[in-house]
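No hydrogens, no waters, no symmetry mates; every other heavy atom, side chains included, goes into these values. Residue numbers start at 1 and run along the sequence shown.
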Amino acid sequence: MDPIQETFTQRLHEKGIELSSSQLDQFETYYRELVSWNEKMNLTGITDRDQVYTKHFYDSISLGFYVDMNRVQTMADIGSGAGFPGIPLKICFPQVQLTIIDSLNKRIGFLQHIAKETGLEQVQLLHGRAEDWARKPEHRDHYDLVTARAVAKLAVLNEFCLPYAKVGGIFAAMKGSSPDEEVKEATRSLKELKGRLNRVEKFSLPVEEAERHIIIIDKTAGTPGKYPRKAGTAIKTPL
């Protein structure tokens, strides 16, 4: 184990997450393929190994500090991009059945490659708009945990993500700086989409102390039939 992996392992150990050598191998494969594919397509602006381990891997796994991942069987990651936070969480908690939805087919191709190279099972990768897949009965009101990392403002995210969460499930929005204003603006969308703000967790990334927030929302009832509205509407006219 080299110093970067040692630090990564130690930081997760302090949070109660233990990694085996095969899980560390999966992270290293993920890193290597991310950097390699990034030369052909724009996946991330961060390619320095130390930074990827902190700003992508550790940051993604931080959701597991505030949500009991051992109780999560099904998880949907909406607008996952290069696979964050879904893939790092799946590596740490292999029992989770992960569904990733992304609107760019090239990114889905990359994630299919990652799942194959890392040997991850029970990973479903879907190309398309979040609003369209949420209309399909097998995804609607279905998941224990739904997440999105830095995709859009909360009022928009609620319409993208809450339809996927089952009643009694959780939607966790991962954010950078303080989301107080966004939370206020999202009051109506929460009510309409049967979500209730549980809490906002705040922490700092190691080393550079960059601020992070996780907004945890409980799904209180089934999604009303009129939501989500057709693709593109939520961004143009948020609730």
Side-chain angles (χ1 to χ4, degrees), residues 8 12 17 19-20 22-49 51-64 67 69 72-136 138-140 142-152 157 160-161 163-165 171-174 214 231:
F8 179 62
L12 292 179
I17 295 170
L19 293 182
S20 67
S22 65
Q23 285 168 309
L24 278 174
D25 288 347
Q26 287 175 310
F27 276 113
E28 192 54 28
T29 300
Y30 191 6
Y31 165 71
R32 217 175 38 242
E33 296 301 324
L34 176 70
V35 171
S36 164
W37 278 59
N38 201 55
E39 289 171 10
K40 298 173 278 187
M41 56 186 281
N42 181 27
L43 289 164
T44 176
I46 300 166
T47 53
D48 175 77
R49 186 163 171 263
Q51 299 263 316
V52 169
Y53 268 82
T54 304
K55 290 183 174 174
H56 281 327
F57 296 167
Y58 180 90
D59 189 26
S60 293
I61 298 160
S62 66
L63 182 56
V67 171
M69 293 300 295
V72 173
Q73 279 186 310
T74 53
M75 171 178 165
D77 182 5
I78 309 299
S80 183
F84 307 121
I87 300 283
L89 284 165
K90 170 70 179 170
I91 292 173
C92 289
F93 304 98
Q95 90 285 352
V96 171
Q97 294 167 34
L98 172 64
T99 297
I100 286 178
I101 295 170
D102 198 272
S103 59
L104 200 62
N105 207 22
K106 281 201 297 193
R107 286 197 292 249
I108 292 292
F110 165 70
L111 294 172
Q112 282 165 340
H113 176 75
I114 291 298
K116 185 166 166 273
E117 291 296 307
T118 53
L120 291 175
E121 293 173 355
Q122 293 189 306
V123 176
Q124 184 180 34
L125 301 162
L126 303 175
H127 169 236
R129 301 290 292 256
E131 302 98 315
D132 296 334
W133 282 106
R135 288 256 158 223
K136 300 193 184 295
E138 65 270 30
H139 298 288
R140 193 174 179 83
H142 172 74
Y143 293 90
D144 297 325
L145 172 64
V146 183
T147 185
R149 179 177 176 251
V151 172
L157 277 184
F160 285 170
C161 299
Y164 289 91
F171 163 44
M174 303 180 77
I214 298 177

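Applying the side chain to side chain contact (heavy atoms under 4.5 Å, CB included) rule to Asp25 yields no partners; only residues at least two apart in sequence or on another chain are considered. Taking the side chain to side chain donor-acceptor pair (under 3.5 Å) definition, one finds that Glu33 meets it with His113, sequence neighbours left out. For Tyr53, the ring pair (Phe, Tyr, Trp, His ring centres under 6.0 Å) partners are Phe8, Phe57, not counting sequence neighbours. Remark: Leu111 engages Ile87, Ile100, Leu125 in a side chain to side chain contact (heavy atoms under 4.5 Å, CB included) (not counting sequence neighbours). Contacts of Ala152 classified as side chain to side chain contact (heavy atoms under 4.5 Å, CB included), with partners at least two apart in sequence or in another chain: Val156, Leu157.
By the 4.0 Å N-to-carboxylate-O rule, Arg149 lies close enough to Asp59 to be salt-bridged with it. One finds no salt bridge joining Glu121 and Lys116 here, because no Lys/Arg side-chain nitrogen approaches an Asp/Glu carboxylate oxygen to under 4.0 Å.
Contact detail for Leu19 and Gln23: the closest heavy-atom pair is CA-OE1, 3.3 Å. Taking all atoms of both residues into account, the shortest heavy-atom contact from Ala130 to Phe160 is CB-O, 4.2 Å. Taking all atoms of both residues into account, the shortest heavy-atom contact from Cys92 to Ile17 is SG-CG2, 4.3 Å. Across all non-hydrogen atoms, the minimal contact from Val72 to Val96 is O-CG2, 3.5 Å. Annotation for Leu63 and Leu145: closest pair CD2-CD2, 4.1 Å, computed over non-hydrogen atoms. Summarising the geometry of Gly83 relative to Pro88, their closest heavy-atom pair is O-CD, 3.4 Å, with the distance given to 0.1 Å.
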Begin from the C-alpha positions of Ile61 and Leu12 and carry the test side-chain contact (heavy atoms from CB on, under 4.5 Å) through to its verdict.
CA-CA 9 Å; Ile61 298 160; Leu12 292 179; 3.8 Å; yes

Does the pair Thr44 and His56 meet the rule for a side-chain contact (heavy atoms from CB on, under 4.5 Å), with working shown?
CA-CA 9 Å; Thr44 176; His56 281 327; 2.8 Å; yes

Give the intermediate values and the outcome of side-chain contact (heavy atoms from CB on, under 4.5 Å) for residues Met75 and Val146.
CA-CA 6 Å; Met75 171 178 165; Val146 183; over 6 Å; no

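Looking at heavy atoms from C-beta onward, Leu98 lies out of side-chain contact with Gln122 at the 4.5 angstrom threshold. Ser62 is listed as a side-chain neighbour of Met174, based on a closest heavy-atom distance under 4.5 Å. Between Ile101 and His127, the closest side-chain pair of non-hydrogen atoms is not below 4.5 Å. Between Phe110 and Leu34, the closest side-chain pair of non-hydrogen atoms falls below 4.5 Å.
Distance check, rounded to the nearest 0.5 Å: NZ of Lys55 to CD1 of Ile46 gives 5.0 Å. Atom OH of Tyr30 is separated from atom CG of Leu120 by 9.5 Å, given to the nearest 0.5 angstrom. Atom OG of residue Ser80 and atom CG of residue Leu126 lie 11.5 Å apart, to the nearest 0.5 angstrom. Residue Cys161 holds its SG atom at 4.0 Å from CZ of Phe171, rounded to the nearest 0.5 Å. Here Phe27 contributes atom CZ and Thr118 contributes atom OG1; the two are 10.0 Å apart, rounded to the nearest 0.5 Å. Annotation: the span from Gln26 atom CD to Ser20 atom OG amounts to 7.0 Å, rounded to 0.5 Å.
The main-chain N or O of Ala134 is found under 3.5 Å from a side-chain atom of Tyr164 such that the two form a donor-acceptor pair. Put simply, the side chain of Thr147 gets close to the backbone of Ala172: a donor and an acceptor are under 3.5 Å apart.
For the side-chain hydrogen bond (donor to acceptor under 3.5 Å, both in side chains) condition, the pairs that include at least one residue of residues 92-110, sequence neighbours left out, are Thr99-Gln124, Thr99-Tyr143, Asp102-Arg107.
The neighbour count for Glu117 CD, taken as heavy atoms of other residues, nucleotides or ligands under 6.0 Å away, is above 12.
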